[in-house]
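In what follows, every heavy atom counts, from backbone to side chain, and hydrogens, waters and symmetry copies are set aside. Sequence lines set the chain letters: A, B, ... in the order given, protein chains first and strands last, and positions in each chain run from 1.
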Amino acid sequence: MSLNDMPKNYETAEVEKRILQKWLDGGWYARNDGTGDCTVVIPPPNVTGMLHMGHALDDTIQDTFVRFNRMRGVSTRWILGTDHAGIATQTKVDKRLKEQGIDRRAIGREKFLEACWDWTHEFGGIIVEQIKRMGCSVDFADEKFTMDPDYANAVRKVFCDWYHDGLIYRGKRIVNWCPSCTTAISDDEAEYQDEGGHLWHLRYPLKEAVSGQEYITVATTRPETMLGDTGVAVSPDDPEKAAFRGATVIRPIVDREIPIFADWHVDAGFGSGFVKVTPAHDPNDYAMGQDHDLPQVNIFDEHAVVVEGYGPFTGMTREECREAIIAWFEKHDLLDHVDDHDHSVMHCYRCDSSLEPWLSEQWFVAVDKLKGPATDVVKSGEVSFHPDRWTQTYLTWMENLKDWCISRQLWWGHRIPVFYCDACGWEDALEEDADVCPKCGAPLRQDEDVLDTWFSSQLWTFATQGWPNNLDEMQGHHPTKALVTARDIIALWVARMVMSSLYFTKQIPFEDVVIYATILAKDGSRMSKSKGNGVDPMDLINMYGADAMRFNLLTLVTNNQDVRFDADIKDGALVGSPRTEAARGFVTKIWNAARFVGMNMDGYTPGEPTIQTPADAWILSRLAKLSESVTRGIEEYRFGDVARDLHQFFWSEFCDWYIELSKASLKDSDDVRLAAQRNLVFVLDQALRLLHPAMPFVTEAIWEQLPQQDADSLMIAAWPEPATLAPWINEEAEKSIDLTVATVSAVRSTRARYGLSPKLELAVAVKAQDAEAAALTSQSDLVKQLANLSSLSIGPDEERPAEGSVHIEEGCEIYCDLTGVVDFAAERARLEKECAELEKERDRLAKKLSNSGFLEKAAPEIIEKDTARHAELCDQIERVTAQLAELV
RNA sequence: GGGCGUUUGGCGCAGCGGGAGCGCAACUGCCUUACAAGCAGUAGGUCGCAGGUUCAAAUCCUGCAACGCCCACCA
């Protein structure tokens, strides 16, 4: 096949499939040797995942960046991998087993892990296949997984090093406990939900009356936790409560004497001013308990069921217990009153259960030594965020960072490599498993918990590149170039990568962090499965093709932090996306432009572009400027600008004007024709290269049909470098074509206004001075062709026909002879309107130019420009007025 | 409570100190031998509101409003 027998329709499904195979077979997705380095790691999607719009945008940005760098001859590799996603996967496997009537506790840890691996192998490949279909040029041959043996070793070394360096410790803490997943959930993973609740006012009897009062009233949203109360607090700034400090109350139900004390946590104005303190079930109460030496009484087990020792309440769930407690207080006339009270409750981001603050043994990373360096590299700009405003998000988070709870009570994940000897109390973190105690020889027991998923993914930039056993592999490829990710994991992931990378590799993990906008549904709400308003990128690809989806996504990359995606969804299925459809129109336009070139290749022989018309000089000049703006735009991650520039050039300049202008040359003598062919092929070729990172499939499909190629694939062909093309820049030529465009547009506008058929030939005269006249005369035949003119005369002495329309442009006046075809009242009205607009602008400028402040303070070039513009306007108004005077 | 973002023609967005733009939709005329998934043309906005800085403000500052996001807290 070649350009001249391209099929009329561009069939995305068929072509994309073929081209994808070509790229995979070609082996060009692997690292290429080059100058400089552009290593990029893909944010590892969950192994259970399906591609969503966030991934589609993320991966499109990365691929555009990576393909651009590869074409420039930069050493490039895009590393692929998936994340084992502890809680997410375990939850899904759990659910699946439950459907089969299997309880994970019944089959035990090993069998359950087998089920997890089965799941991983079954679903892990889906998202990888989807990434392929998007055209992403990742290194599929070397896929990573956060549970690979090598990766697991790296995780284990990190744990052991930090353990031995004193950065990892074990402690009792209040953690957010999910009673359903039976695991701790980090603060960052918990989600607040506002709920309508109540504030119960409970009476606690005083041991001895204070100021004649027999009891105090505490206010609580969680009466069930009163079983674990070990104190009552008042505000230190509350004079009314001062007398109660040091008094003792008898806690009802399980009689127990507990003290009243003052603590700054208490807000005197809220509730009753008395706060019941439950150190084992509330973070603030825990802190108060620490300060006032209160006992920590844990009343719930791991499923949030009341433990032994509480009589009838034992065995109750939180909800049951709450009702029972309230009933008890009511019965004993100790329920003072109940207020409505909205508050937010933490929920598990996986299973949505309400979380229980729970006191337990957990592992922590001490962040004091890590946060300083991680702050410095961002402040200094070594690591920079795009857009810049995310720098502050990162720094603020880093500043407020608390120790990181890394243990999770799950089975699926990296098991904590700490071993205990129950016989002699020996304990250590080991890089290799051990069975017996090195001290006393008794059997060892390994910690049951696994690590937070982010603990392993924080190593992503270097554990995927041979660290720690094969440091040569990283050489020259770490730090990575860019990390493209969503803003909601700046803290969870980006910050932790910086901390761990600095600690273990002494390098930053990446130079640039690119934060893309969150894609919202059409109505501005978040896309979510439960709402059924999510768009599946695969549906978009099936409907419009991968290139169209990619191009549309790139146009959305601006400074914005949210973008609305215009897709219509009906009953969960994609109906259409106007913008993606428009992008497909652009793909088709590119295809058809190539077909046009192909249809005019008779007699073509290869050769360099040559300038034989101002149009040639013009398009080459525009091309040179395009390469400049696209190159700089991609380097600066301004993909929206890049997409707009490409569209503007290809459609409005190359197709609308250059191809049209070239038609005459193609019908000319053999020499002229050949030069035109060579120029068309050259510009098309260069444009395809510039378009390729954004729209890889269609550009490759066309490029491989070009008469000659300098590479086996467009994806490894040379990038049109701005410096190479710069000599083509030609301001004179651009001006000349601007004049041509103005003339043709003037005639078309006249036709449209008076309803004249394009088939009706018109006689046109253009009054222009020497330089302009010469420039336009050289395009005379083309103008006649494009505007369908019977005659075109150009010169300084041309005059408007008695019955003719006038267009006043900078540097020329265009007259169409309309003798006998037009109502001149309309032409007069139009000119009057135009004159009024010109006068308005002239007056505004005149006012500005007579302002002494402006003349004194404005930049000279601005004054010069405005003065010139003013003179031009005066001239135009004079000419329009003169024409009006003659139109009687 | 703290922070961030958005507010520009019917819709989606760009511009972010010196002449209000783009795409889609609308309207008019064209099946002009690459493309009707097309071509040509027309219309439509006092750039959220109120102040301020400046010779000059959609663009910078302050305040306000609406919408959205993040963080913290809520006995």
Expressed in whole Å, how much space separates the [atom1] atoms belonging to [N] and [M]?
N: B:C16; M: B:G5; atom1: C1'; result: 15 Å
N: B:G23; M: B:A14; atom1: P; result: 15 Å
N: B:G9; M: B:G15; atom1: C1'; result: 15 Å
N: B:U8; M: B:A58; atom1: P; result: 15 Å
N: B:C73; M: B:C13; atom1: P; result: 33 Å
N: B:C24; M: B:G44; atom1: C1'; result: 14 Å
N: B:A57; M: B:C67; atom1: P; result: 31 Å
N: B:A56; M: B:A20; atom1: C1'; result: 16 Å

- Query: Under a 4.0 Å N-O cut-off, is there an ion pair linking A:Glu356 with A:Arg222?
  - Reply: yes

- Query: When you check the gap from the basic side-chain N to the acidic O, do A:Asp645 and A:Arg638 get nearer than 4.0 Å?
  - Reply: no

- Within the 6.0 Å centroid threshold, strictly below: A:Phe385 and A:Trp390: no

Between [N] atom [atom2] and [X] atom [atom1], what is the distance in whole Å?
X: A:Glu581; N: B:G12; atom1: CD; atom2: C1'; answer: 14 Å
X: A:Asn592; N: B:C39; atom1: CG; atom2: C1'; answer: 13 Å
X: A:Tyr516; N: B:G5; atom1: OH; atom2: C1'; answer: 18 Å
X: A:Asn560; N: B:U8; atom1: CG; atom2: P; answer: 12 Å
X: A:Lys840; N: B:U46; atom1: NZ; atom2: P; answer: 11 Å
X: A:Asp568; N: B:G12; atom1: CG; atom2: C1'; answer: 12 Å
X: A:Asn600; N: B:A34; atom1: CG; atom2: C1'; answer: 9 Å
X: A:Trp390; N: B:G3; atom1: CH2; atom2: P; answer: 16 Å

- Message: From the set B:A75, B:G5, B:A34, return the single nucleotide nearest to any side-chain atom of A:Arg389.
- Response: B:G5

- For the side chain of A:Phe596, counting heavy atoms from C-beta on, which of B:U42, B:A75, B:A34 is nearest? B:A34

Would you call the rings of [X] and [Y] parallel, tilted or perpendicular, where under 30° means parallel and over 60° means perpendicular?
X: A:Phe551; Y: A:Phe586; answer: tilted
X: A:Phe654; Y: A:Tyr658; answer: parallel
X: A:Phe274; Y: A:Phe244; answer: perpendicular

[N] OP1/OP2 closer than 4.0 Å to side-chain N/O of [X]:
X: A:Thr588; N: B:C35; result: no
X: A:Lys589; N: B:C39; result: yes
X: A:Lys663; N: B:A34; result: yes

Every protein N/O lying under 3.5 Å from an N/O of nucleotides 66-69 of chain B:
residue, atom, partner, partner atom, Å
B:G68, N2, A:Gln561, NE2, 2.8
B:C69, O2', A:Arg487, NE, 3.2
B:C69, O2', A:Arg487, NH2, 3.1

Just call it for [X]: base, sugar-phosphate, or nothing, with non-hydrogen atoms closer than 4.0 Å on any strand.
X: A:Lys847; result: nothing
X: A:Ala859; result: base
X: A:Asp488; result: nothing
X: A:Asp656; result: sugar-phosphate
X: A:Ser745; result: sugar-phosphate
X: A:Val266; result: base

Keeping the roles fixed (side chain from [X], backbone from [Y]), state whether a donor-acceptor pair exists under 3.5 Å.
X: A:Asp282; Y: A:Asp285; result: yes
X: A:Arg487; Y: A:Gln561; result: yes
X: A:Asn788; Y: A:Pro758; result: yes
X: A:Ser745; Y: A:Ala742; result: no

- Quiz item: A:Glu660 side-chain donor-acceptor pair to B:A40 base, under 3.5 Å: no

- Task: Can you check whether any acceptor in the base of B:A75 is under 3.5 Å from a donor in the side chain of A:Thr220, or vice versa?
- Result: no

- Which string of ( ) [ ] | and . matches RNA chain B, if you list each base 5' to 3' and count Watson-Crick or G-U pairs only when both distances are under 3.5 Å? ((((((((.[[[[.)..(..]]]].(((((.......))))).....[[[[[..)....]]]]])))))))....

Answer whether the closest heavy-atom distance between the side chains of [X] and [Y] falls below 4.5 Å.
X: A:Thr221; Y: A:His198; result: no
X: A:Leu762; Y: A:Ser790; result: no
X: A:Ser354; Y: A:Arg318; result: yes

- Task: Enter the distance from A:Asp339:CG to A:His201:NE2 here, rounded to the nearest 0.5 Å.
- Result: 4.0 Å

- Pairwise 5' ranking along RNA chain B for A:Asn851 and A:Tyr10, keeping only the more 5' one: A:Tyr10

- Base-contact (B) and sugar-phosphate-only (S) positions in nucleotides 22-31 of chain B, heavy-atom cut-off under 4.0 Å, - elsewhere: ----------

